[in-house]
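Note sheet for the following structure.
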Amino acid sequence: MANEIPVYDAEAIETKWQEEWDKSDTFKARDESDRPKKYVLEMFPYPSGDLHMGHARNYSIGDAMARQARMRGFEVLHPMGFDAFGLPAENAAIKNKTQAGAWTYQNMDTAVATMKRMGFSYDYDRLVRTCDPDYYRWGQWAFLKMWEKGLAYRATSPVNWCPSCNTVLANEQVVDGKCWRCGEVPEKRELSQWYLRITDYAQELLDDLDKLTGWPENVKAQQRNWIGRSEGAEIDFALAAEDGVTPTDRLITVFTTRADTLYGVSFFLLPPESPLAAELVAGTEYEEAFNELKKSVEQISSVDRQGSDREKHGVFTGRYVINPLTGAPAPIWVADYILLDYGTGAVMGVPSGDQRDFDFARKYDLPIPPIIAQKDDPLYEELKDEQGLRVTNVDWDHAMDAEGYLIQSGPFTGMKGGKHSEAVDAIIAHLSERGIGRSKVQFRLRDWLISRQRYWGNPIPMIHCDCCGDVPVPYEDLPVRLPDDLDLGAGETLAEYAPFYETTCPKCGKPAKRITDTMDTFTCSSWYYLRYCDPHNDQAPFSKELVDRWMPVDNYIGGIEHAILHLLYSRFWTKVMRDLGMLDFDEPFTNLLCQGMVKDKNGDTMSKSKGNVVPPSSVIGPYGADTMRLAILFIAPSEKDFNWDEEVVAGANRFIKRAWRTVWSLAETADANVSLDVAKLDAAGKELYRRMHEMGIKCTTDFDRAQFNTAISAVMELVNDASAYLNKVRIDKRDAALTFVVARAIVAMLSPICPHWAEELYHEALGFQTSVYDEPWPEFDEESAKASTIQIAVQVLGKVRARIDVAADAPKDELEAVAREAVTKFIEGKTVRKVIVVPGRLVNIVAK
RNA sequence: GCCCGAGUGGCGGAAUUGGCAGACGCGGAGGUCUCAAAAACCUUUGUCGAAAGACGUGCGAGUUCGAGUCUCGCCUCGGGCACCA
């Protein structure tokens, strides 16, 4: 073969193969293939400009997986698309006096060009853009289906309004009390908004996390936190008449996880926003103080209101409730630490069972009856027989005790109390029997608020008619198209744009008004992975057959910032589609990999404002895409953050060039037509052959567990060994079959990561006519990876004292004998109590 | 406060099940080639020590012949939730 090794010209090679792949069908996913399927998916980008390093990392990981899976015999679906609706397009349109669509499409073109320049193996025939009417039409379809099932609804309630984005936000989009997009602190506004009933699925969303064994623990934990299930009880308290002691028919229900503390109720709490509280104080001497409190709460932001160390404020309402077990009256207070929208919006105050109630009671001098004590506490003896005396305020230090045994609690005294305790069960059972309480599971999760008062999104397909109310747009009228001639620059909004909203009622035919809210962009990204399975379907969002053929996604790769938002919504959407009979599985993503962030060399996040952004093009230019991909995957494990380091890129480039030369040198003698006879190899050849299998196995298993940094290091070792072989063995003594097999193994193993480099060597150095991705991944076996002699450690009392070379299959007694000999000076004059022989590992002699 | 992670050389990081800690790479040192430089290649590189050796995976205990890995108790850092009753 060639005498002179060609220079590694990354740019020329990469251009050549990118053009080749563009023309070929190598990466088209074939629906009809009978190979086993593998669906590799990276979270699609928002097209806000060109791709950044985070994208490059995300897609390098996914592409390595997809390419390797293809070689392992899978039919691979590896699609890409764009999450194309969203506020940045609108802002850019306003700023640049263009259309949001034009801006978005241009960015998508730029991003696709960069993806191709990076050599990502996407099936571009399946490209999905969520702003295409062909796509968003089916989002509207799904909304209507949910409307029919009662899963989509409209309600008026206090919502988070972002004054900077001029729209409402979902609970999940308020991160650290701030807007997830712009960081502004949202205001509470009372608005009529559209919701999806994700709470119907709260229990299943929680339970099915246990099925997701391929998900990182922290993501599952975050979702569990977010869903926030707590088991407890609802208990009905009767409102007392104005005399404060006579129960009325009016019941106020509380939710509590600590029904066992019911005897310790010394006051009752309502939130400042409570309409009931307003009613109770209306026209009384307490009204003024109440209004003041309410006003002060409205004035502080949600950020300031949260935090358990904030001082609590409360006012008395002048009214009482009656404890359903003791019949004792408890004063109703309004307190700013009570939330309107959790539980029933009313809370029983138990200062001896709850830190917050305790703090509140101390501040306002409310009674603190001890109801729980340890059995060795004198208080326990003193109060265990108290039935109705209601001893209070014995001793501040004793007063708060959440775990222990009940005292002065009627028939329940002496029972073990605490969360999920026997006393909880007993009291709930007792209340249930009498019909004044019941066990209840409460979730923190709220329904998903999906309406947005923004233009660049998917219109909610509903019409409001003064006679008929909210009427769905008929399916045959879908999609409700977004107008593209709105003058955003002049501040025009969808709500003011008559050609869009003026319509007639589909039910009665009278003039009616279209809903001008659009859907949260997260609705678009909740099902795009389903659309990829059947992207051109114009009869349905996707066919069941194709979705069941490709789904679930086997490997999903993306940023941890979506741990709750996108990943929770998508799981919900999948379950809804399942219940609509659209598909046959419960969870969309089998294995999830959350890649770490790419930071600058000082460990700061890259951002335009800081001016520390390293664009992918700055690396591709001087080094090429293959070097960049290699560097990104080698620098750290995929899930860890890393700091960008030019030295690592230079190192990766050095390796790629070295491996290039090594493969070409091996190719000088390589002959594909000679079959390998291991027995005939010389010692150096045998060792290289063995190492190829050893490193091949390591590399393969590392690919399986997505450990690309160590997979690469295995190839590096093999390249080092091959180059040692080349140095040691004269060219005329090299084995033609061996050099071929090793060269092919190196190229194949690196091909998922450095695809252009690999294709070039595969064709030009090794003489293949087919793509490396049409060839199977090389086979490696344990037997060939075994060495005949190995070095093992000899320990005396656990300390390594010698190393011995022994036959790999040497029997235990022989190992022991050789080992004893090697460490004589350490065991002389001592008694050998025990000898542990671990074949292949070590010998440990216990001598004292 | 509750729930998850993670702490290993100068640096990024290795070490499927308890079995030779530091693979691979970066950086450093020395060398070969060169008029010189770059590139490339070779040697070396945990700490202390001339060496023998000792010490070494955040800290402290424990289990074990043997612990980075298991148990208990801490510390630090990162992330999530949080006045959620």
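Letters go in sequence order (proteins before strands), and every chain restarts at 1.
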| For residues 696-713 of chain A, which residue pairs qualify under salt bridge (charged side-chain N to carboxylate O under 4.0 Å, His left out), counting only residues two or more places apart or in two chains? |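 Sorted result for residues 696-713 of chain A: A:Arg72-A:Asp704, A:Lys698-A:Asp702, A:Asp702-A:Arg705.
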
Strictly by salt bridge (charged side-chain N to carboxylate O under 4.0 Å, His left out), give each pair with a member in residues 638-656 of chain A just once, sequence neighbours left out.
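Non-adjacent pairs meeting salt bridge (charged side-chain N to carboxylate O under 4.0 Å, His left out): A:Lys599-A:Asp641.
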
**Q.** Contact residues, residues 223-236 of chain A to RNA chain B [heavy atom, < 4.0 Å]
**A.**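 Heavy-atom cutoff 4.0 Å gives A:Asn225, A:Trp226, A:Ser230.
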
Side-chain donor-acceptor distances from residues 563-571 of chain A under 3.5 Å, at least two apart:
unit_1, atom_1, unit_2, atom_2, d
A:His566, ND1, A:Ser525, O, 3.3
A:His566, ND1, A:Ser570, OG, 3.3
A:His566, NE2, A:Tyr556, OH, 2.7
A:Tyr569, OH, A:Glu172, OE1, 2.9
A:Ser570, OG, A:His566, O, 2.9
A:Arg571, NE, A:Glu587, OE1, 2.9
A:Arg571, NE, A:Glu587, OE2, 3.2
A:Arg571, NH1, A:Leu205, O, 3.1
A:Arg571, NH1, A:Gln223, OE1, 2.7
A:Arg571, NH2, A:Leu205, O, 2.7
A:Arg571, NH2, A:Glu587, OE2, 2.9

Ring pair (Phe, Tyr, Trp, His ring centres under 6.0 Å) pairs, two or more places apart, involving residues 205-229 of chain A
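Output for this query is empty, none listed.
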
Under 3.5 Å donor-acceptor pairs involving side-chain atoms of residues 712-725 of chain A, not counting sequence neighbours:
unit_1, atom_1, unit_2, atom_2, d
A:Ser713, OG, A:Thr710, O, 3.0
A:Glu717, OE1, A:Arg691, NH2, 2.9
A:Asn720, OD1, A:Arg658, NH1, 2.7
A:Asn720, ND2, A:Met716, O, 3.4
A:Asp721, OD2, A:Arg691, NE, 2.6
A:Asp721, OD2, A:Arg691, NH2, 3.1
A:Tyr725, OH, A:Asp735, N, 3.3

For nucleotides 37-47 of chain B, print each protein N/O atom paired with a nucleotide N/O atom at under 3.5 Å, atom names and distance only.
unit_1, atom_1, unit_2, atom_2, d
B:rA40, O3', A:Arg661, NH2, 3.1

Return the polar atom pairs (N/O with N/O) between nucleotides 63-65 of chain B and the protein under 3.5 Å, or none.
unit_1, atom_1, unit_2, atom_2, d
B:rC65, OP1, A:Lys834, NZ, 3.4
B:rC65, O2', A:Asn844, ND2, 3.3
B:rC65, O2, A:Asn844, ND2, 2.5

Can you check nucleotides 13-17 of chain B for protein contacts, nitrogen or oxygen pairs under 3.5 Å, and list what you find?
unit_1, atom_1, unit_2, atom_2, d
B:rG13, OP1, A:Lys640, NZ, 3.4
B:rG13, O3', A:Asn709, ND2, 3.4
B:rA14, OP1, A:Asn709, ND2, 3.3
B:rA15, OP1, A:Arg705, NH2, 3.0
B:rU16, O4, A:Thr701, OG1, 3.2

All salt bridge (charged side-chain N to carboxylate O under 4.0 Å, His left out) counterparts of [X], not counting sequence neighbours:
{"X": "A:Glu217", "answer": "A:Lys220, A:Arg224"}
{"X": "A:Arg801", "answer": "none"}
{"X": "A:Arg820", "answer": "A:Glu816"}

